[in-house]
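Protein chains get the first letters and strands the later ones, always in sequence-line order, with residue 1 at the start of each. Just the heavy atoms: all of them, side chains too, but no hydrogens, waters or symmetry mates, feed the values below.
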Amino acid sequence: MEIPLFLYNSFSRTKEAFRPLDMNNVRMYVCGPTVYDRAHIGNARPVLVFDILFRLLRYLYGKDKVTYVRNITDIDDKINAKALERGVNIERVTEETIEWFHKDMDFLGALQPNYEPRATAYVSQMIDMVSKLISLSFAYPSEDGHVFFEVEKFADYGQLSNKKVGELKEGVRIENETSKRNPLDFVLWKPSSNEEPGWDSPWGRGRPGWHIECSAMAKDILGDQFDIHGGGIDLIFPHHENEIAQSTCSNDMKKFANFWLHNGFLKIEGEKMSKSLNNFLTVFDLIKRDFSGSAIRYNMLATHYRQPLDWKFERLAEAEKTLVKWNNKIRSKNEADLPKKVLNALLDDLNTPLSIHEMHQLFNKGKFDDLTDACEFFGFVAKDKKGSLEIPSELSENVDKLIKERNIARLSKNFSLADKIREDLLDAGIIIKDSGQETTWETSQNLEIKKLKKL
RNA sequence: GGCGACGUGGCGGAGUGGUUACGCAGCGGAUUGCAAAUCCGUGGACACCGGUUCGAGUCCGGUCGUCGCCUCCA
């Protein structure tokens with residue numbers, strides 16, 4: 001049976017029916033992080049978006065029939081700068097950042113990709129690719145140790161980003177580098193100073209340009225051609241455009257990736273996220289503020305992946321509330337069979353907001369078994385359930401004691417005392433729920449141990 | 001300047017020609033000592049102006065507005 005999955009292909013700028021090159025090995029490459037700092041929520045968007053696509057492909061084609069590659073860029077001048085600034089060596093920066101990244105993405109419930117190649121492990125493949133591009137005269141070395149890709153040699157340059165070489169030339173800024181034949185030519189290899197990381201190459205000691213790593217790693221792991229290449233929309237130009245140029249020209253002009261998928265950008269409370277505006281939000285910031293990973297996922301997937309997403313804490317709190325409501329009705333289970341309407345929404349270019357709408361419908365109709373399946377698929381089942389924040393047992397006993405006192409007060413109709421106890425507990429971050437004879441309590445996000453101790 | 005995206009009810013957010021998205025908030029009710037939680041019910045929208053059509057949020061043209069990329073960036 002044919003699988004009716006439609007995806008918006010940035011290359012053709014239309015929604016297309018997805019057909020894998022090989023049904024038994026569906027291949028996807030997604031541009032991963034440059035590891036020099038904590039992952040911000042903008043980094044988390046592609047991770048979560050393509051996590052859903054990964055899950056969907058596994059669901060449709062089989063768990064062992066999808067290969068997902070997400071690289072780690074650990075050669076970059078921003079990393080060098082960071083190491084210099086902190087006075088530590090480069091590996092220290094990259095290793096630490098990679099560990100943070102893994103922890104943060106695990107917290108968000110993202111499945112691990114099948115491969116997570118690091119640029120530093122693929123330098124020889126990059127050198128091979130650059131050499132080949134030179135031998136085919138798509139690229140040229142300069143006397144000062146650079147190698148450039150000659151954009152005008154690749155007739156299709158600009159197809160992905162819908163740019164014309166002639167127009168690009170007009171808008172190009174003037175650079176000091178005079179060793180380029182054409183200002184649009186981009187760096188494949190650049191020389192390193194003694195302080196900078198470098199590898200021996202036919203062009204002297206140097207390091208790769210940014211774009212070549214993805215081409216080399218994708219080829220090595222996935223082959224010359226594969227199904228899906230993804231990343232943030234800002235990568236279309238020049239990164240992905242240059243990847244296409246390098247890969248196509250070094251792979252006998254074979255088409256590189258069949259589908260190009262790009263997620264939209266992220267704003268914070270209506271403003272562009274930037275360090276200067278001091279609204280730079282990392283995933284770790286959210287963890288520290290005690291938001292759950294599943295709520296962050298929900299919030300991220302409640303907007304279609306191609307739309308711009310305005311990150312608001314109001315929305316995140318709403319997500320948290322919804323998931324608590326759902327999680328009270330669902331039970332965790334292992335094998336999920338997606339409800340039809342939820343699946344259909346995903347098949348139409350990953351319409352996750354519509355899927356979530358369908359999940360609300362399942363809840364409203366009391367179809368909790370189906371809701372469980374959907375939540376399992378989406379990673380919405382709370383592994384880190386609200387209301388179970390650890391508090392010391394003696395404090396917990398104290399809370400129980402206070403509730404007992406309150407219930408005695410209620411029975412003797414001393415409501416002012418009962419309400420006082422409830423309000424004090426609420427102020428300390430303990431929420432009380434009366435249901436029939438029983439009174440239960442849970443911790444809220446505003447839990448304050450200090451205040452609780454004083455009660 | 002070039003390329004592109006977007007403008008839906010208080011907020012969020014789907015929907016590419018033919019009853020209704022929906023969630024949150026609001027309002028009314030049930031429940032409660034009063035609340036919280038939960039449940040039931042409910043009003044409210046398609047930036048503006050033209051056009052096509054029996055019929056448009058949905059197609060076409062224009063106006064206004066917001067944003068992104070073109071330089072490192074998810």
Under 30°, 30 to 60°, or over 60°: which ring-plane class applies to A:Phe256 and A:Trp260, parallel, tilted or perpendicular? tilted
Applying side chain to side chain contact (heavy atoms under 4.5 Å, CB included) to A:Lys153 and not counting sequence neighbours gives A:Ser137, A:Phe138, A:Glu150
Would you give me the side-chain donor-acceptor pairs under 3.5 Å for residues 353-363 of chain A, sequence neighbours excluded?
from: A:Ser355; atom 1: OG; to: A:Val342; atom 2: O; distance (Å): 3.2
from: A:Ser355; atom 1: OG; to: A:Asn351; atom 2: O; distance (Å): 3.4
from: A:His360; atom 1: NE2; to: A:Tyr298; atom 2: OH; distance (Å): 3.1

Which dot-bracket notation, 5' to 3', represents the base pairing of RNA chain B when pairs are defined as Watson-Crick or G-U with both distances under 3.5 Å, crossing pairs as [ ], and inter-strand pairs as |? (((((((..(((.....[...))).(((((.......)))))....(((((..]....))))))))))))....
Taking only the side-chain nitrogens and oxygens of A:Lys312, find out if one of them lies under 4.0 Å from OP1 or OP2 of B:rG12. yes
Working note: A:Arg422 + A:Thr439, criterion side-chain hydrogen bond (donor to acceptor under 3.5 Å, both in side chains); need CA distance, chi angles, decisive distance, verdict. CA-CA 11 Å; A:Arg422 183 175 64 201; A:Thr439 299; over 6 Å; no
Would you say that A:Trp441 contacts A:Ile431 through its side chain, given a criterion of any heavy-atom pair below 4.5 Å between the two side chains? no
Write down the distance between CG (A:Asn364) and C1' (B:rU20), rounded to a whole number of angstrom. 14 Å
Between B:rC59 and B:rC27, how many Å separate the two C1' atoms, rounded to a whole number? 38 Å
Is A:Arg410 close enough and on-axis enough to A:Phe415, meaning under 6.0 Å and within 45°, for cation-pi? no
What N/O pairs connect the protein and nucleotides 27-29 of chain B at under 3.5 Å? Give each pair on its own line.
none

Every protein N/O within reach of nucleotides 34-38 of chain B N/O, cut-off under 3.5 Å:
from: B:rC34; atom 1: O2; to: A:Arg422; atom 2: NH2; distance (Å): 2.9
from: B:rC34; atom 1: N3; to: A:Arg422; atom 2: NH1; distance (Å): 2.8
from: B:rC34; atom 1: N3; to: A:Arg422; atom 2: NH2; distance (Å): 3.3
from: B:rC34; atom 1: N4; to: A:Arg422; atom 2: NH1; distance (Å): 3.3
from: B:rA35; atom 1: N6; to: A:Asp434; atom 2: OD2; distance (Å): 3.1
from: B:rA35; atom 1: N3; to: A:Arg422; atom 2: NH1; distance (Å): 2.9
from: B:rA36; atom 1: N1; to: A:Asp434; atom 2: O; distance (Å): 3.0

B:rG13 phosphate, OP1 or OP2, under 4.0 Å from A:Thr303 side-chain N/O: yes
With respect to the side chain of A:Asn351, which nucleotide from B:rA14, B:rC72, B:rC73 is positioned closest? B:rA14
When the P atoms of B:rU58 and B:rG18 are considered, how many whole Å apart are they? 12 Å
Atom pairs, N/O to N/O, protein against nucleotides 4-6 of chain B, distance under 3.5 Å?
from: B:rG4; atom 1: OP1; to: A:Asn162; atom 2: ND2; distance (Å): 3.4

